[in-house]
Amino acid sequence: MYTETFLIAAALYAAGFSIPLIWWSRDLRAVRTLSLSCTILASLLLGLVSVAVLVSGNVITFMIYRPLAEISFGFSIDRLSGFFLLVIAAVSAPVALYASEYYEHLEGGSRRNLLAGCTNLFILAMVLVVASADMLGFFFFWELMAAASFLLVMYEYDNPGTRKAGLFYFIMTQLSTMFVLFGIIALSFRAGSFRFSGVAVPADPVVLAAFLSLFLGFSIKAGIIPFHKWLPYAHPASPTPVSALMSGLMLKIAVYGLVRFLLDVFAPDLWWGILILLAGVISAVLGVIYALKEHDIKGMLAYSSIENIGIIFMGIGLFVIFSAESLPLLAGISLLAALFHSLNHALFKSLLFLTAGSVVHATHTRDIEHMGGLACHMPVTSALFFTGSVAIAALPPLNGFASELLLFIAIFTSITVVDPLLKVLFLVCLALFALTSALAAACFVKAFGSVFLALPRSPESAGAKEVPRMMLAGPVLLALACIVLGLGAYQLFVLAGISVPLPDMMLVGLLLAVMAALTWTALYFTASRAERISETWGCGVHLQEPSAEYTGHGFSEPLDIIFSSIYRTRIRNERVFFDQKNSIFREGTAEIRLMKVFEEYLYLPAARFSLASATRIARFQNGCLDTYLLYVFITVIAVMVFLGWS
Amino acid sequence: MAPDFVLYIIFNTLFVLAAAPLWISVIKKVKAWTQGRQGPSVFQTYYMVAKLLRKEVVYSSTSSRITRFTPLVTMAAILTAALFVPLIFVPEPAGGIGNIILFLYLLALARFFMALAGLDAGSTFGGMGSSREMSISAIIEPTTIIVFAALAFVFRTTNIFDMFARSAATGTITTPILILIGISLFIILIVETSRIPVDNPETHLELTMIHEGMILEQSGRNLALMELAAAVKLTVLMALLINLIVPFGLATTLTATGLLIAAVLFVVKGTILAGIIGLFESSMAKMRFFQLPSLFAMAFFFSALIIIIEVFA
Amino acid sequence: MILLGYIMAALAALAAIVLSSTHRRMNAACILHAALTVVLTVYVLLFQQVPVASFLIGSHFFFMDRLGLYEVLIASVIFTCAAVYAGGYVESLLSSKELDQGSLKLFYSSWTMLLLVLVLAFFCDNLALFWICAELTTILSALLVAILSARENIDAAIKYIFIASASMLFSFVGLIFLFETSRTVLGTGTLNWTALMQHASAFPAGMALAAFALVFMGFAAKSGIFPFHTWLPEAHAKAPSAVSAVLSAVLLNVGIYGILRVYAIVHQTTAAATIAPLLAVFGFFTVGIAAFSMLPQKNLKKLVAFSSVENMGLILIGIAVSTPLAIFWVLFHIMAHSLTKASLFFSAGILHRQYRSRLSTDADDEIRDVFRLQPLAAWGIIIGGLAITGMPLFPVFFSKLFILRELGQASMPALFLLLVLLFVIASALGYFVIAAFCRVTEAGASSDIVPYVTPLTMKIPLVLLIGLIIITGVVFTRGETAFFEGIVQELRF
Amino acid sequence: MIDTALVQGIIRILLVCIIITAAYIISTRNLLSLVSMYSLQSVTLVCLALALWVLESSPVLLAIAAVSLVSKAIVIPYFIATIQEKIRIRRDIEFHFLSPTTSLLFSMALMLVVYTVLSHILRDIPARDNLFFFGAVIGISLMLMGMMVMLSRKRAITKVLGFLSMENGVLLFGMFVTELPFIIEFLIIIDLIILVLLTTILTVGIDSTLEDYHKRLHRFRLVGGTEERP
């Protein structure tokens with residue numbers, strides 16, 4: 001029964017992929033709508049299956065295709081898979097709803113059919129990665145996912161930014177593939193097959209190598225610093241629904257991979273956990289610090305994804321540490337926190353991406369310095385973005401808070417039990433985690449403030465209009481999900497039969513509402529109700545100008561200075577003087593540029609080095625026959641000497 | 001929910017609302033004394049709130065709904081947070097009320113709204129206030145969480161109710177380490193309530209101001225709510241400090257006399273603490289904004305040191 | 001007698017070409033010939049008892065076993081597609097005066113001869129005969145490379161001939177060694193593969209090693225193994241694309257086929273322990289040089305050619321691993337590579353026609369507006385590129401995966417090294433394609449490029465091959481598997 | 001019959017002659033004498049085959065001698081000479097990598113290497129006459145020397161001669177080490193003739209050295225002749 005439903009869902013995605021391919025040359029809205037309707041329907045079915053699995057705890061196993069003894073496409077949906085399927089279903093349906101309108105406003109004619117089709121392929125690949133019963137299927141669909149997402153990123157290929165994004169994305173994806181493949185192959189020796197089965201010896205160097213390379217592979221895909229660079233390029237470059245899917249779902253697939261391997265295959269050591277934890281903490285802190293400085297709205301969201309993935313990795317790291325220290329309860333809480341945060345991040349990040357896409361659609365710019373004042377022009381969108389901001393800033397009573405709270409509780413509780421040295425580590429992580437979440441709040445105050453509040457800072461922004469209804473419907477669903485998951489977190493866990501030390505957020509929400517209602521009532525009866533609209537008081541300023549407002553840059557300036565050691569600016573100052581003693585200044589230029597530390601010190605040198613060595617090696621092929629014959633000659637002699645010597 | 005708890009909610013909220021404005025005035029009074037002035041009456045804040053409630057509200061033409069909602073949400077969030085810190089009576093915790101992290105994040109919720117409201121009108125002062133408030137709150141956050149972790153470590157619980165119950169049971173501070181934690185809490189209180197040397201609550205139009213800058217556009221009943229909320233926040237943080245360090249008299253059962261004694265004692269203790277804050281403020285000068293991180297770093301290492309001592313001792 | 005069928009078909013086609021006067025007819029003859037070869041091969045596969053011990057001139061010179069039939073099948077399918085493709089391509093060459101009308105007959109008759117010689121080569125039981133056929137394929141294909149009346153083509157062809165033939169001479173010395181070895185063991189010398197396979201285990205290791213090492217050098221040159229690969233990128237880049245496809249998809253297989261056959265013999269002696277690392281070293285160098293040559297590559301066809309070098313290296317590594325599973329997937333990879341590479345060259349050919357005045361030899365390609373001008377070719381390159389880097393749904397995915405796995409079983413560091421090299425290769429491909437395909441003319445600016453109207457005959461084979469790639473990548477029938485296993489058994493791995 | 005020792009002595013002398021011709025091919029600059037030297041080498045080879053036939057009286061050797069005489073000593077040299085007339089090249093002055101003297105020294109070293117290597121490899125073969133071993137060494141050395149000619153000369157036509165001399169080496173090696181079936185030998189010769197025909201025809205298109213027209217490649221833009229780049 002569930003098997004059939006799952007298969008129907010998969011078939012629907014496949015139909016959604018093939019329908020636009022069949023009519024690839026017809027630039028018809030109906031084709032795309034049909035394709036995306038398939039997505040929505042399939043996501044609903046998938047949601048049903050996953051909820052059923054989650055509630056019942058049954059494992060659905062079935063084999064669909066086994067062409068060879070070594071190659072089998074079997075699927076097995078246990079609770080972990082079911083959970084991630086739920087995440088996929090919950091995000092892809094609203095995104096498809098949004099896309100059905102958004103894609104119509106893109107340029108590209110019938111190419112949009114392909115876009116809709118590939119979106120389906122992308123989702124299908126993610127679904128199958130999660131559902132795969134063995135490593136081979138996992139890797140197969142993992143690659144399919146990579147290919148599909150790459151095509152999606154390249155949609156606006158004629159844009160110079162996209163080219164760079166595509167390049168970064170492609171190369172990083174390949175790197176990730178390389179590591180994942182190495183890990184899988186190494187594991188397949190120890191396990192004897194490609195099944196997800198236990199490899200009990202963590203000290204075995206092969207297993208160790210497998211873990212490290214899998215960890216690297218998943219980190220690259222998840223955007224863990226320092227492998228994050230593709231995210232802030234790829235997300236802004238791709239069409240909005242694609243960014244939402246990539247940030248909301250694809251990063252989670254990497255998380256799924258890590259969790260799946262840690263749970264089913266490895267018997268992790270303590271230091272593995274510490275490694276994951278540290279990777280998470282560093283990504284979280286640096287991610288949010290970079291997000292603060294970003295003024296491309298989608299780039300900012302991309303960095304914020306890095307931060308949230310960092311938080312999820314922290315949860316996983318803690319899970320491993322607690323498991324290794326045999327503290328099953330805390331381990332459970334940490335894992336739950338990581339998974340719950342995955343779900344939450346998927347929801348609010350896709351919400352934010354979609355609404356950001358609406359904003360970009362309305363203003364035709366991604367630079368938040370050219371926005372402003374949109375709260376009046378786009379009331380619904382602003383409310384939705386606001387919901388997302390509150391959720392991502394981890395403020396009660398929304399869902400972002402619920403999952404971060406779980407993580408906080410895990411660390412707080414653990415401090416009383418673990419080793420002294422671990423305690424110190426945890427305290428450092430705790431402090432950085434707190435910093436992260438406070439900075440995230442600052443970041444989203446900045447984002448919401450610069451985009452939606454105050455006066456419009458560009459004519460486009462002033463003339464912006466609310467987006468069509470379909471582009472609101474999707475985000476509305478996501479926002480509702482954020483609210484429900486936030487308020488009902490405790491109840492949901494109880495429903496799933498898991499006991500967690502989570503406060504009853506419903507009660508807190510109720511209290512907040514009651515307090516607000518009481519305050520309002522009290523004011524209603526006691527206070528004056530007179531209101532007046534007037535100009536903003538500006539200390540005697542004649543007229544309020546948008547140019548005089550606090551900009552996004554200005555907003556983050558204090559934090560900028562405080563974290564100046566991380567941002568690393570490069571100051572260029574050129575001056576020309578009238579005289580030779582350099583005392584009468586004539587003219588000059590100055591520039592303060594934010595350095596892209598990782599790009600300038602890691603990525604580009606690596607690229608430059610490999611290109612230089614490649615150019616040197618390519619000189620081997622110098623186009624001269626004599627040289628080539630010389631190679632042959634030398635080889636012949638070498639082989640002969642080898643023969644005589646062996 | 002137990003009727004006890006409902007009673008607690010009503011009682012605590014009313015008490016905190018009633019008592020909160022007092023400390024603001026007390027601090028002002030103490031500061032005035034140290035400067036050789038007579039200062040305003042200790043009930044000045046009550047008068048001010050009452051007067052503001054009667055005034056009309058002026059909204060900026062550029063402001064959005066954020067400005068309209070903020071006072072209400074801020075008040076609601078602060079009042080809910082106030083429920084997490086029992087002032088005079090500690091009931092059995094219910095439904096996770098009293099969770100120390102939730103408490104922190106409720107304060108953060110209020111701050112989030114205030115910061116947005118600061119940006120809403122598009123005035124430069126508001127923007128500056130918001131920017132600084134968010135920056136400061138971010139960099140004090142590690143210290144805060146470490147201090148709270150230390151509390152959780154010392155009391156082996158993450159619930160403030162349980163902490164209070166345990167300290168109330170002994171009547172005096174349970175371990176000497178709490179005194180050190182108290183010092184850290186005091187620094188947090190100063191920062192969170194925007195007092196000297198971090199912020200100057202007295203001025204309205206200096207480049208140094210933070211909190212006052214954010215609420216510059218508020219007027220009438222909204223301003224009253226903001227002022228009241230600030231006062232409640234101060235009270236709550238003071239209560240946290242008081243009930244941990246000098247918990248004697250804190251009621252753990254619901255009896256009229258017990259409550260009365262606890263209330264009186266709390267007012268006395270609060271007045272003394274307010275006096276200390278006033279003296280502290282008078283003896284300090286406002287720090288340069290970008291020197292604050294080093295102050296916070298000091299606070300952070302101080303708190304971390306406490307925990308490390310505790311951990312390894 | 002089936003072999004006579006192949007020969008008759010070729011001769012008939014040859015006669016038709018010589019007699020016909022129009023390009024269309026010559027092309028049709030070629031297509032028919034190749035298609036007939038496909039039909040014959042399929043017929044043998046389905047209805048004959050394989051291996052067919054054959055019989056030309058009543059001796060043991062020819063036979064048909066599974067491996068030979070398999071290679072012939074690949075070759076004939078590629079030739080059919082390429083012949084169809086050549087119809088449009090040569091027309092375009094003629095109209096742009098790159099090819100003389102007079103050379104047309106030569107072109108098509110060498111084309112037909114090439115297929116015939118290839119078929120004979122794959123059906124040779126006698127290794128010396130195989131060597132001769134392989135030499136003839138070099139000559140004929142070099143003729144096809146040189147057919148364009150441009151100097152650089154002649155240059156490329158001469159390089160090809162000199163490097164391949166000179167190395168092949170060493171290969172012949174190796175065969176003499178083999179012959180001598182068999183004579184010392186069996187009494188009478190023989191170069192019949194079946195006979196050698198039967199008695200191989202008795203061969204002395206030293207002689208087997210020497211014989212193999214020398215034979216290897218020649219066939220390595222045929223299949224573009226480092227450091228004999230140097231002719232390959234130039235010949236493939238300069239040749240007409242239909243010929244490039246054949247060169248890369250079929251002719252490289254001749255070398256690999258030879259190596260596989262001879263290795264199957266020496267594999268049974270103790271020399272295998274020395275030879276396997278030797279092969280692996282050559283394989284790694286091949287992949288490595290391909291990887292780093294692709295990185296700064298600016299010419300599409302050279303890039304694709306280097307990718308062939310890389311795949312040959314990969315196949316060689318697979319052979320070096322020489323577990324049955326590895327050989328199984330090496331065989332699969334040979335097919336996967338042939339189909340994919342042919343499709344890539346077909347697409348590259350369309351682009352070459354489009355940008356011919358700009359896409360000159362050693363200068364950088366100036367591909368721009370490719371999606372507007374040649375959407376099919378662009379997608380062909382993208383799909384082919386994804387296929388050759390081993391994305392799923394394409395056959396290379398599985399063959400690569402399992403070759404890597406078998407390699408890992410032998411040595412983990414080697415596996416990692418190979419993965420790094422494959423990463424570099426994929427990056428290089430991606431880098432090139434992204435850089436080239438994203439180049440567009442601004443909306444306002446007028447572009448001086450006239451769209452090249454791609455004839456249907458160039459489109460159909462491309463689409464057909466892509467379809468074939470996907471089918472082979474997804475569908476694995478039991479018969480296919482059994483067939484591959486049969487080959488592995490024949491080779492006694 | 002003729003004395004075996006005498007024949008062996010003759011064979012030895014012939015082998016030395018072959019090496020001398022090879023050395024001449026490596027070092028001479030005159031193309032015409034190059035061709036005739038190749039012809040001489042082939043004739044020596046034929047004589048060797050005949051001498052071997054005297055020793056072993058295998059008919060295959062006789063056949064080889066006949067075919068070689070026709071193809072290598074007459075047809076191919078004639079053909080190449082005709083081509084040379086056509087492209088009017090008399091001299092091949094430039095050398096690459098190896099100057100004539102170095103190549104001579106180097107080829108001597110090579111012979112030593114080949115000797116060691118072969119003695120190592122052929123130890124598995126039941127003991128053969130020392131003479132045969134010597135012949136095999138000379139054969140391989142001749143191949144390598146031919147290769148050296150190929151890589152050190154710039155003119156394509158000289159390379160062809162180098163290749164032919166390599167092929168002679170193979171034949172020599174084959175004759176001494178073992179006896180291949182005649183049909184194979186015959187086919188190889190046919191193959192060789194085709195190869196040489198094709199190569200020389202192709203070289204007609206190249207009236208200068210390969211390097212030279214690399215520099216001039218850009219002039220031969222296939223269509224439309226865009227402007228020359230500096």
Side-chain angles (χ1 to χ4, degrees), chain A residues 375-376 390 393-396 401 405 408-409 412-413 415-416 420 423-424 427 430-432 434-435 438-439 441-442 445 448-449 453-455 502-504 507-508 511-512 515-516 519-520 523 526-528 530-539 544 548-550 554-555 557-559 561-562, chain B residues 53-62 64 66 72-73 75-77 79-80 83 95-97 99 101-102 105-106 108-109 112 115-116 119-124 127-128 130-132 134-135 137-139 141-142 145-146 149 152-153 156 158 205 217 220-221 289-290 293 304 307-308 311-312:
Chain A
C376 305
V390 173
L395 294 175
F401 174 71
L405 179 60
F408 269 121
I409 289 173
F412 266 59
T413 321
I415 291 179
T416 50
K423 258 178 220 171
V424 176
L427 283 177
L430 187 64
L432 290 175
L435 179 67
L439 285 175
V445 166
F448 188 80
L453 301 182
L455 285 176
L502 205 62
D504 187 351
L507 180 61
V508 177
L511 281 175
L512 274 173
M515 290 299 177
T519 315
W520 187 82
L523 283 183
T526 58
S528 147
E531 279 183 17
R532 184 154 60 87
I533 304 288
S534 175
E535 272 176 37
T536 306
W537 182 76
C539 196
Q544 197 189 357
E549 284 171 8
Y550 236 61
F555 187 88
E557 187 63 21
L559 285 167
I561 292 173
I562 293 166
Chain B
L53 283 176
R54 288 198 302 276
K55 292 255 176 192
E56 69 167 354
V57 181
V58 183
Y59 289 118
S60 158
S61 54
T62 60
S64 67
I66 291 287
L72 214 57
V73 175
M75 196 65 205
L79 281 179
T80 314
L83 289 180
I97 302 293
N99 186 300
I101 302 150
L102 189 47
Y105 276 83
L106 281 170
L109 179 65
F112 188 80
L116 282 180
L119 286 170
D120 197 15
S123 117
T124 321
M128 189 183 298
S130 303
S131 157
R132 292 182 168 178
M134 292 318 283
S135 310
S137 72
I139 51 180
E141 197 71 12
I145 207 84
I146 287 288
F153 181 67
R156 316 263 152 182
T158 51
L205 209 60
E217 276 297 312
R221 57 169 193 268
F289 183 77
F290 289 114
I307 299 204
I308 289 169
V311 162
F312 289 104

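Naming convention: chains lettered A, B, ... in sequence-line order (proteins, then strands); numbering from 1 in each chain.
- Atoms CZ and CD1, from B:F153 and A:I415 in turn, are 8.0 Å apart once rounded to the nearest 0.5 Å.
- With a threshold of 4.5 angstrom between heavy atoms, A:F555 approaches chain B through its backbone and through its side chain.
- Note: B:L106 CG to A:L395 CG = 9.0 Å, rounded to the nearest 0.5 Å.
- Contacts between B:F290 and chain A at a heavy-atom distance below 4.5 Å involve the side chain alone, from C-beta outward.
- Across B:E56, B:R156, B:M75, the residue that shares the most heavy-atom pairs under 4.5 angstrom with chain A is B:E56.
- In this structure, A:A438 and B:A138 approach most closely via the heavy-atom pair CB-CA, 3.5 Å.
- Listed options B:S123, B:G127, B:S64 were ranked by heavy-atom pairs under 4.5 angstrom with chain A; first place goes to B:G127.
- For A:I409, the parts sitting under 4.5 Å from any heavy atom of chain B are the backbone and the side chain alike.
- Ranked by heavy-atom pairs shorter than 4.5 Å toward chain B, the options A:L511, A:L439, A:V445 are led by A:V445.
- Taking chain A as the reference chain and counting heavy-atom pairs below 4.5 Å, the highest number among B:A108, B:A149, B:A115, B:P293 is found for B:A149.
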Problem - Verdict with supporting geometry, A:L405 and B:Y105, side-chain contact (heavy atoms from CB on, under 4.5 Å) - result: CA-CA 9 Å; A:L405 179 60; B:Y105 276 83; over 6 Å; no
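- Summarising the geometry, atom CG belonging to B:L83 is positioned 4.0 Å from atom CE belonging to A:M515; distances are rounded to the nearest 0.5 Å.
- When every heavy atom of A:T536 is checked against every heavy atom of B:A121, the shortest pair comes out as OG1-O, 3.1 Å.
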Handout entry: Audit row: B:T158, A:F408, side-chain contact (heavy atoms from CB on, under 4.5 Å) steps and yes/no
Key = CA-CA 10 Å; B:T158 51; A:F408 269 121; over 6 Å; no
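- Counting heavy-atom pairs closer than 4.5 Å to chain B, the top residue among A:A394, A:A441, A:A442, A:P396 is A:P396.
- If you measure heavy-atom distances from B:I66 to chain A, the contacts under 4.5 Å come from the side chain alone.
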Handout entry: Criterion side-chain contact (heavy atoms from CB on, under 4.5 Å) on A:V508 and B:N99, from CA distance to verdict
Key = CA-CA 11 Å; A:V508 177; B:N99 186 300; over 6 Å; no
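- When the side chain to side chain donor-acceptor pair (under 3.5 Å) test is applied to A:E531, the partners found at least two apart in sequence or on another chain are B:R221.
- Counting only heavy atoms from C-beta outward, the side chains of A:I533 and B:V58 never approach each other to under 4.5 Å.
- Counting heavy-atom pairs closer than 4.5 Å to chain B, the top-ranked of the candidates A:L432, A:V390, A:L435 is A:L435.
- When heavy atoms are compared at a cutoff of 4.5 Å, A:L559 approaches chain B by way of both its backbone and its side chain.
- The CZ atom of B:F289 lies 5.5 Å from the CD1 atom of A:I562; values are rounded to the nearest 0.5 Å.
- Taking A:Y550 as the reference, nothing meets the ring pair (Phe, Tyr, Trp, His ring centres under 6.0 Å) condition, with sequence neighbours excluded.
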Exercise for the section: For the pair A:S528 and B:L53, evaluate side-chain contact (heavy atoms from CB on, under 4.5 Å) and give the outcome as yes or no after the intermediate values. Expected result: CA-CA 6 Å; A:S528 147; B:L53 283 176; over 6 Å; no
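- Across B:L119 and A:A454, no two heavy atoms sit closer than the pair O-CB, 3.8 Å.
- Two residues are said to be in side-chain contact when any heavy atoms from C-beta on lie closer than 4.5 Å; B:L109 and A:F401 fail this criterion.
- In this structure, chain A has heavy atoms under 4.5 Å from both the backbone and the side chain of B:I139.
- Ranked by heavy-atom pairs under 4.5 Å with chain B, the list A:G449, A:G554, A:C376, A:A393 is led by A:G449.
- Between atom CG of residue A:L453 and atom CG of residue B:D120 there is a gap of 4.5 Å, rounded to the nearest 0.5 Å.
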